[in-house]
Amino acid sequence: MEHMGTIASDNYVAFTFFIGTMAMMAASVFFFFELNNTSPKWRTSVLVSGLITFIAAVHYYYMRGYNLETGESPTFFRYVDWILTVPLMCVEFYLITKKAGAKISLLWKLIFASLVMLVTGYIGEVLDRDGSVLWGVLSGAAYFYIAYLVWFGEVAKLAETAGPQVAKATRILAWFVLVGWAIYPLGYILGTPGGLFGMKLVADPKAALHAMDIVYNIADAINKIGFGLVIYALSRKED
Ligand SMILES: *C/C=C(C)/C=C/C=C(C)/C=C/C1=C(C)CCCC1(C)C
């Protein structure tokens with residue numbers, strides 16, 4: 001029997017919210033303290049890594065409590081977190097290619113695409129559940145545009161001229177976007193009532209939402225902390 005405010009040993013949703021909170025907190029402390037050892041050239045990039053995990057830590061702390069008390073999915077705060085942190089991840093792409101001549105217009109393209117991706121995703125997940133397939137497709141288009149920019153477009157081209165270390169780091173970050181970020185549409189499909197394109201992966205709607213939360217929690221930890229560590233590693237290799 002589960003009591004309010006305690007985590008039953010088989011409550012994987014609450015467990016991943018808890019672990020997620022701790023991991024984001026620890027990562028933030030790490031990035032912030034390492035700023036002292038970081039050369040001025042990379043300091044802003046590592047600071048942004050810390051801001052991403054710090055914003056996530058605050059949201060996770062809240063989402064953890066919300067989920068524990070209500071047993072519900074904290075979708076609203078999930079999206080508030082993403083709306084703040086995903087554009088900051090786009091800022092990272094701009095910052096590491098800036099030395100190779102990235103223009104501010106590239107930053108706006110990335111930010112704009114990420115906002116379209118998340119706003120349409122929120123509409124499909126919360127405001128217009130019946131239209132979730134259409135909104136999911138629109139969101140997916142914005143996602144592919146970001147993936148295109150970092151794999152083949154401006155970001156990729158600039159990174160190639162920015163030296164081998166930046167090129168290598170950008171390639172790893174591009175993998176995060178292609179594979180790590182692709183986990184989110186999977187979570188969306190899991191939580192979509194009636195499934196997507198006939199894919200109904202979990203039959204019980206409540207269980208489907210739980211599955212979605214677990215998928216999102218794991219993806220967030222990989223993407224935010226992993227992403228930050230790639231930037232951190234780059235700052236160590238190249239002063
Ligand atoms: C730290 C949080 C991150 C990196 C969040 C990324 C979120 C996405 C890439 C979400 C993408 C979505 C789609 C591509 C289609 C369905 C709706 C979304 C918003 C889940």
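Atoms within each ligand, like the ligands themselves, are counted from 1 in listed order. Keep in mind the model is a prediction, meaning the values are calculated, not measured.
In terms of protein heavy-atom proximity, atom 15 (C) of ligand 1 is closest to S139 OG, 3.2 Å. Distance from atom 9 (C) of ligand 1 to its nearest protein heavy atom, with residue and atom name: M117 CE, 3.4 Å. The protein heavy atom nearest to atom 10 (C) of ligand 1 is Y184 CB, 3.5 Å. Counting only heavy atoms of the protein, atom 1 (C) of ligand 1 lies nearest to K224 NZ, 1.4 Å.
A cation-pi arrangement is not found for R64 relative to Y60, the charged atom failing to lie both closer than 6.0 Å to the ring centre and inside a 45° cone about the ring normal.
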Verdict with supporting geometry, E154 and K109, salt bridge (charged side-chain N to carboxylate O under 4.0 Å, His left out) | CA-CA 10 Å; E154 266 174 270; K109 272 183 224 168; 2.4 Å; yes
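Here is the list of ligand 1 atoms found below 4.0 Å of a heavy atom in D220: 1 (C), 2 (C). Numbered from 1 in the order shown, with element, the atoms of ligand 1 that lie under 4.0 Å from a heavy atom of M89 read 4 (C). Listed by atom number, the atoms of ligand 1 under 4.0 Å from V86 heavy atoms are 2 (C), 3 (C), 4 (C), 5 (C), 6 (C). Counting atoms of ligand 1 from 1 in the listed order, those under 4.0 Å from a heavy atom of P185 are 13 (C), 14 (C).
With a 4.0 Å cut-off on non-hydrogen atoms, Y188 touches ligand 1 through its side chain and not its backbone. When non-hydrogen atoms are compared, ligand 1 lies under 4.0 Å from the side chain of Y79 (C-beta onward) but not from its backbone. Residue-level proximity to ligand 1 for Y143 is carried by the side chain, the only part with a heavy atom below 4.0 angstrom.
Taking a 4.0 Å cut-off on heavy atoms, E125 fails to register as neighbouring ligand 1.
Annotation: F227 is in aromatic contact with F93 [ring centroid separation under 6.0 Å]. The ring of W175 has its center closer than 6.0 angstrom to the ring center of W151.
With hydrogens and angles disregarded, no donor-acceptor distance shorter than 3.5 Å links the side chain of W42 to the backbone of Y232. Judged purely by atom type and a 3.5 angstrom limit, S139 uses its side chain to pair as donor or acceptor with the backbone of M117.
Checked against ring pair (Phe, Tyr, Trp, His ring centres under 6.0 Å), Y184 has the following partners two or more places apart in sequence or in another chain: W82, Y216. Residues meeting the ring pair (Phe, Tyr, Trp, His ring centres under 6.0 Å) test with W108, sequence neighbours left out: none.
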